[in-house]
K.L.:
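Structure provided below as structure tokens; questions to follow.
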Amino acid sequence: MLEKGQVLTAAKGQRITVDRMLGAGGQGEVYRAETPDGPKALKWYFPHLADASRRDILETLVARGWGDSRFLWPQTIVTRPDGPGLGYLMELRPDRFADLPALLRRRPEVSAVTCRSLVTTALYTVEAYQSLHYRGVAYRDISWGNIFFDPRTGDVLVCDNDNAVVEGQFAGIAGTMTFMAPELVRKAATGQPSIQTDLHSLAVLLFLLLANHHPLEGARELRIHCMDEAAQRRLYGEDPVFLFDPDDTSNQPVHGEHDTVLATWASLPPVLQKLFVRNFTDGLRDPNKRVREAEWREALSAVRDAVVTCQGCGTQNLAEPAGPPPRCWKCRTTVTLPQSLELKAGTGGTRTRRHLRLNHGAQLCGHHLQPHPDRHDYADVIGEVTEHPQVRGRFGLTNRSGNRWMLHTPDGKAQEVPPGRTAALRPGALLEFGSGAEGVIQAP
């Protein structure tokens, strides 16, 4: 729709010069543009969507602002000085971020992904949408096209935030069919895009992330000869059935056709399986029974802390927090569990408990020492499991923080662990990290 070198105008009269097209979607096209504040991304709407209601929504979003680096939030409205047209500026997406379709199709740019980074992406995605919901904002179009992730770190970026509106405000978009809540697919009288329908879309996205498959596409989908709108409405809205519904096997995965999801589901810890079953059974029928962000957050955080490495092939595996050793999904041998650190944070009766498996390279982060962290930040490393430089197979927890720790050994001795020094991992040893946070080393 726009040409290289074309000049547009921002809301305050700034000159915006179109550079090149970056991509296109269902609502418009995205370009790289030069602005007085440096390069930006420009989303330009298709003509039939560039109406007064769209502009009203954009003005509300720009005025609201969003000081959160996880969102490519609309910054200013852009128009064409010589005719109709509407768009907005946002930050450019850094090259390190890939889209989720690249993950599901196993493209080379996501080859660095691991179990740990994948769970981190899921957790960060939940926390990003939770931050919107807590402010009364419904996203309305959560799908695999609106989240980008860093395969190495799990960091996320949410784009297309022009769909987010205050709960109850009309937005003119219900979502992407395969992610829409059943009541929206059916076009039920009470079915309006909302935070409750976002919860269904979020659960679908998490299942795709962790199981590499859609949660409602099983044996029933294979029997559909023409996936037209009527067929999709039956599959996703009128009679949806979860692949692993314990009481209805009519849509279960078919061996030879759905082997990937059969394997990925088997590798998920029970704590996650139970949430998915609840969300896609009771939650399909009653929106009020869908899994809330806080539940996903708690489970994903615990599962990330419980990731274990197979001693045979070096592959990371998901494990049940404080549960038995899993079988390696790659070589099928039983993983030997390492020691763990039982963490306590807070004071009095409000202390929280967490378990961190102490694999080689496992990291203790700042949020581990907070009773109720606002968000998880795995880049804030304050401790790391390292190997003894002279004794192979002996590990310790190295202090990467700026504070002194206190180590109490099982025989009653106490010693300081200053920054840069390492505490030996002996079962029964107690580490005091300060501000009431402490951890006890536990045998496997």
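The chain is numbered in sequence order, starting from 1. As the structure is a prediction and not an experimental result, all values here were calculated from the model.
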K.L.:
So does Asp99 pair up with Arg105, basic N to acidic O under 4.0 Å?
P.N.:
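No, no charged N to carboxylate O under 4.0 Å.
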
K.L.:
I'd like to know if Asp305 pairs up with Arg354 as an ion pair, taking the criterion as any Lys NZ or Arg NE/NH1/NH2 lying under 4.0 Å from an Asp or Glu carboxylate oxygen.
P.N.:
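Arg354 and Asp305: not salt-bridged.
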
K.L.:
Quick test of your reading of the model: are Asp239 and Arg234 salt-bridged, counting only N-O distances below 4.0 Å?
P.N.:
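Salt bridge absent between Asp239 and Arg234.
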
K.L.:
Report yes if some heavy atom in the side chain of Val110 is under 4.5 Å from a heavy atom in the side chain of Phe149; otherwise report no.
P.N.:
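Side chain of Val110 against side chain of Phe149, heavy atoms only: contact under 4.5 Å found.
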
K.L.:
Between Thr176 and Asp141, do the side chains contain a donor N or O and an acceptor N or O under 3.5 Å apart?
P.N.:
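Yes, because at least one side-chain N or O of Asp141 sits under 3.5 Å from a partner of the opposite role on Thr176.
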
K.L.:
Classify the ring geometry between His258 and His213 as parallel (under 30°), tilted (30 to 60°) or perpendicular (over 60°).
P.N.:
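The rings of His258 and His213 stand perpendicular, inter-plane angle above 60°.
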
K.L.:
Between Glu127 and His376, does any side-chain donor sit less than 3.5 Å from a side-chain acceptor?
P.N.:
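Their side chains do contain a donor-acceptor pair, which is all the 3.5 Å distance test asks for.
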
K.L.:
Are Ser250 and Arg220 linked by a side-chain donor-acceptor pair shorter than 3.5 Å?
P.N.:
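Per modelled atom types, Ser250 and Arg220 side chains form a pair under 3.5 Å.
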
K.L.:
Identify the two heavy atoms, one from Pro326 and one from Val308, that lie closest to each other, and give their separation to 0.1 Å.
P.N.:
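Shortest heavy-atom contact: CG-CG2, 3.9 Å.
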
K.L.:
Using distance alone, with no hydrogens and no angle criterion, decide if Tyr31 and Gln6 have a side-chain donor and acceptor under 3.5 Å apart.
P.N.:
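No, no side-chain donor-acceptor contact under 3.5 Å.
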
K.L.:
Distance-only criterion, 3.5 Å: show the donor-acceptor pairs between side-chain atoms of residues 74-84 and protein atoms not counting sequence neighbours.
P.N.:
residue : atom : partner : partner atom : Å
Gln75   : OE1  : Lys40   : NZ           : 3.3
Gln75   : NE2  : Glu91   : OE2          : 2.9
Arg80   : NE   : Pro84   : O            : 3.1

K.L.:
Quick check on the 6.0 Å ring-centre criterion: do Phe148 and Phe97 meet it?
P.N.:
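That pair fails the under 6.0 Å test.
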
K.L.:
Among Thr120, Thr121, Thr114, find the residue that satisfies the side chain to side chain donor-acceptor pair (under 3.5 Å) test when tested with Ser117.
P.N.:
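Of the listed residues Thr120, Thr121, Thr114, the side chain to side chain donor-acceptor pair (under 3.5 Å) partner of Ser117 is Thr114.
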
K.L.:
Do we get Arg54 above Tyr88's six-membered ring, with its NZ or CZ under 6.0 Å from the centre and within 45° of the axis?
P.N.:
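No, Arg54 does not lie over the aromatic ring of Tyr88.
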
K.L.:
Do Ser267 and Thr264 have a side chain donor and acceptor closer than 3.5 Å?
P.N.:
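Ser267 vs Thr264: no donor-acceptor pair found between side chains.
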
K.L.:
Examine the side chains of Asn163 and Gln27 and answer whether a donor and an acceptor come within less than 3.5 Å of each other.
P.N.:
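Yes, because at least one side-chain N or O of Asn163 sits under 3.5 Å from a partner of the opposite role on Gln27.
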
K.L.:
CZ of Arg351: more than 12 outside heavy atoms within 6.0 angstrom?
P.N.:
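Yes - once you tally the heavy atoms of other residues, nucleotides and ligands closer than 6.0 Å, there are more than 12.
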
K.L.:
What salt bridge (Lys or Arg N to Asp or Glu O under 4.0 Å) pairs are there with at least one residue in residues 261-287, not counting sequence neighbours?
P.N.:
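Pairs touching residues 261-287 that pass the test: Arg278-Glu295, Asp282-Arg285.
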
K.L.:
Please say whether more than 12 non-hydrogen atoms of neighbouring residues, nucleotides or ligands are located less than 6.0 Å from CZ in Arg70.
P.N.:
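Buried by this count: over 12 neighbours within 6.0 Å.
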
K.L.:
Mind checking whether Trp73 and Phe71 have parallel, tilted or perpendicular rings, split at 30° and 60°?
P.N.:
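Trp73 and Phe71: perpendicular rings.
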
K.L.:
Ion pair present between Glu342 and Arg357, side-chain N to carboxylate O less than 4.0 angstrom?
P.N.:
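No, no charged N to carboxylate O under 4.0 Å.
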
K.L.:
Does atom CD (Glu34) have a neighbourhood of more than 12 heavy atoms from anything else shown, all under 6.0 Å?
P.N.:
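Counting neighbours around CD of Glu34, more than 12 heavy atoms of other residues, nucleotides or ligands fall under 6.0 Å, so yes.
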
K.L.:
Report the C-alpha distance between Val158 and Ile147 in whole Å, list the side-chain angles of each, state the deciding distance to 0.1 Å, and finish with yes or no for side-chain contact (heavy atoms from CB on, under 4.5 Å).
P.N.:
CA-CA 5 Å; Val158 184; Ile147 283 280; 3.6 Å; yes

K.L.:
Quick one: sort the Trp265 and Phe207 rings into parallel, tilted or perpendicular, breaks at 30° and 60°.
P.N.:
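Correct class here is tilted.
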
K.L.:
Do other residues, nucleotides or ligands put more than 12 heavy atoms under 6.0 Å from the CZ atom of Arg15?
P.N.:
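Incorrect, the count does not exceed 12.
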
K.L.:
Should the pair Arg186-Glu238 be classified as a salt bridge under the 4.0 Å nitrogen-to-oxygen rule?
P.N.:
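Result for this pair is no, no salt bridge flagged.
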
K.L.:
Tell me, do Tyr129 and Tyr134 make a side-chain contact under 4.5 Å, heavy atoms counted?
P.N.:
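Heavy-atom side-chain distance check fails, nothing below 4.5 Å.
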
K.L.:
Can you tell me if Asp374 has over 12 outside heavy atoms packed within less than 6.0 Å of its CG?
P.N.:
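At most 12 heavy atoms, drawn from other residues, nucleotides or ligands, come within 6.0 Å of this atom.
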
K.L.:
Would you call Lys43-Asp162 a salt bridge at under 4.0 Å N-O?
P.N.:
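Salt bridge flag = yes for Asp162 with Lys43.
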
K.L.:
Side chain to side chain contact (heavy atoms under 4.5 Å, CB included) with Leu92: which residues, sequence neighbours excluded?
P.N.:
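Checked Leu92 against side chain to side chain contact (heavy atoms under 4.5 Å, CB included); matches are Leu22, Arg32, Pro39, Ala41.
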
